[in-house]
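This report refers to the structure that appears directly beneath it.
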Amino acid sequence: MIQHDIAARLEALFSQRGFAEPSVSELKAASGVSLRTLYRHFPSKESMVIGALQHRHERYLAFLEDEVPSDGAAALSHLYQRLGHWMKHEAPNGCMSINALAAFPDNRDVSDAVTRHKRETLHWLGTRSRREDLANELFLIHEGASSAWLVLGDTAIEAALSTTLTLLGEPRK
């Protein structure tokens with residue numbers, strides 16, 4: 001349980017401050033444990049990043065699942081409503097996974113953690129939409145919305161929903 005709590009605190013720090021800025025003393029302070037305990041659970045900064053990414057991944061998928069309708073188009077409408085909220089309140093500096101790849105471009109373990117998150121998100125989109133044949137397209141729309149949110153805000157979310165409904169042959173809202 002302590003590792004989970006540390007990962008949650010590190011996730012919050014990395015989300016707010018990025019990966020380059022926090023010093024060892026800031027990581028220790030954010031974790032809420034001694035430096036020895038922090039390094040026992042996460043022996044390197046990269047392992048702290050991976051722990052934070054895994055924690056965030058679990059939170060994101062649980063967040064999407066909360067009260068998700070079973071209908072394909074309604075599930076995706078729900079997704080974009082949730083994505084807009086997530087971006088405003090949980091990811092004001094953009095996608096933490098993409099930011100991690102930029103900060104650690106040569107780290108295989110970070111890359112694997114990000115790839116796992118993105119593949120599971122792709123799978124979620126295909127399954128929940130009931131259109132696994134369009135999973136890649138839906139994933140690209142989702143990723144585009146989360147990236148464009150930094151510049152366009154809610155307009156990116158609205159455009160992603162509209163594009164998704166058009167792709168699914170559903171009436172626009």
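Quantities reported herein were computed from a predicted structural model and do not represent experimental measurements.
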Note, L101 side chain near N107 side chain (heavy atom, < 4.5 Å):
no
Any L150 side-chain heavy atom under 4.5 Å of P92 side chain
no
Nearest heavy atoms of I157 and G84, plus distance in Å:
CG1-CA, 3.8 Å
Minimum heavy-atom separation for L167 to L134, with atom names?
CG-CD1, 4.0 Å
Checking one residue: L152. Which other hydrophobic residues are in its cluster under the side-chain 4.5 Å linking rule?
V151
Gap separating the OG atom of S44 from the OH atom of Y39, nearest 0.5 angstrom:
8.0 Å
Non-hydrogen side-chain atoms of L10 and L27 separated by less than 4.5 Å
yes
Same hydrophobic cluster for V24 and F14, using side-chain heavy-atom links shorter than 4.5 Å among ILVMFWY?
yes
Residue pairs passing the salt bridge (charged side-chain N to carboxylate O under 4.0 Å, His left out) test where at least one lies in residues 23-38, sequence neighbours excluded:
R17-E26
Mind checking whether H142 and W124 have side chains closer than 4.5 Å, heavy atoms only?
no
S147 (side chain) donor-acceptor with E143 (main chain) under 3.5 angstrom:
yes
Check: M48 and L38 side chains under 4.5 Å, non-hydrogen atoms:
yes
Are F19 and I6 connected into the same hydrophobic cluster when the rule is that any two of I, L, V, M, F, W, Y join if their side-chain heavy atoms are below 4.5 Å apart?
yes
Can you name the closest pair of heavy atoms from L13 and P22 and give their distance?
CD2-CB, 3.8 Å
From L83 atom CG to K88 atom NZ, the distance as rounded to the nearest 0.5 Å:
10.5 Å
For R59 and E90: C-alpha separation, side-chain torsions, deciding distance, then whether salt bridge (charged side-chain N to carboxylate O under 4.0 Å, His left out) applies.
CA-CA 10 Å; R59 275 193 339 107; E90 303 291 336; 2.8 Å; yes
Once you measure the plane-to-plane angle for F63 and W86, does it fall in the parallel (<30°), tilted (30-60°) or perpendicular (>60°) bin?
tilted
Using side chain to side chain contact (heavy atoms under 4.5 Å, CB included), reason through S77 and L165 one step at a time and then give a plain yes or no.
CA-CA 8 Å; S77 292; L165 293 176; 4.2 Å; yes
With heavy-atom distances below 4.5 Å as the criterion, would you say the side chains of S15 and N93 are in contact?
no
Minimum heavy-atom separation for L53 and A100, please, with both atom names.
CD1-CB, 3.8 Å
If you round to the nearest 0.5 Å, how far is NE2 of H41 from OG of S31?
10.0 Å
Please walk me through it: do L125 and L79 pass side chain to side chain contact (heavy atoms under 4.5 Å, CB included)?
CA-CA 9 Å; L125 288 161; L79 161 81; 3.4 Å; yes
I need the E132 CD to L138 CG distance, nearest 0.5 Å.
11.0 Å
Ion pair E65/R128, N-O distance below 4.0 Å
yes
Considering only NZ, NE, NH1 and NH2 on the basic side and carboxylate oxygens on the acidic side, decide whether R108 and D112 come within less than 4.0 Å.
yes
Approximate separation, where rounding is to 0.5 Å, of E137 CD and L122 CG:
9.5 Å
Please give me the minimum heavy-atom distance between S129 and L76, naming the atom from each residue.
CB-CD1, 3.5 Å
Is there a chain of hydrophobic side chains (I, L, V, M, F, W, Y, each step under 4.5 Å between heavy atoms) that links L61 to V114?
no
For the NE2 atom of H55 and the CD atom of Q3, what is their distance to the nearest 0.5 Å?
11.0 Å
For T155, the side-chain hydrogen bond (donor to acceptor under 3.5 Å, both in side chains) test, sequence neighbours excluded, returns none
Between T166 and T163, is any side-chain donor less than 3.5 angstrom from a side-chain acceptor?
no
Would you mind reporting whether C95 and K118 have side-chain heavy atoms less than 4.5 Å apart?
yes
Do you reckon M96 sits in the same ILVMFWY cluster as L64, going by side-chain contacts under 4.5 Å, direct or chained?
no
State plainly whether one hydrophobic cluster holds both I2 and F42, where clusters connect Ile, Leu, Val, Met, Phe, Trp and Tyr through side-chain heavy atoms under 4.5 angstrom apart.
yes
Would you say Y60 and H117 make side-chain contact, with heavy atoms under 4.5 Å?
yes
Using the side-chain contact (heavy atoms from CB on, under 4.5 Å) rule, pick out the option among E58, Q54, H57, R56 that qualifies with E11.
R56
A160 to A145 - nearest heavy-atom pair and separation:
CB-CB, 3.5 Å
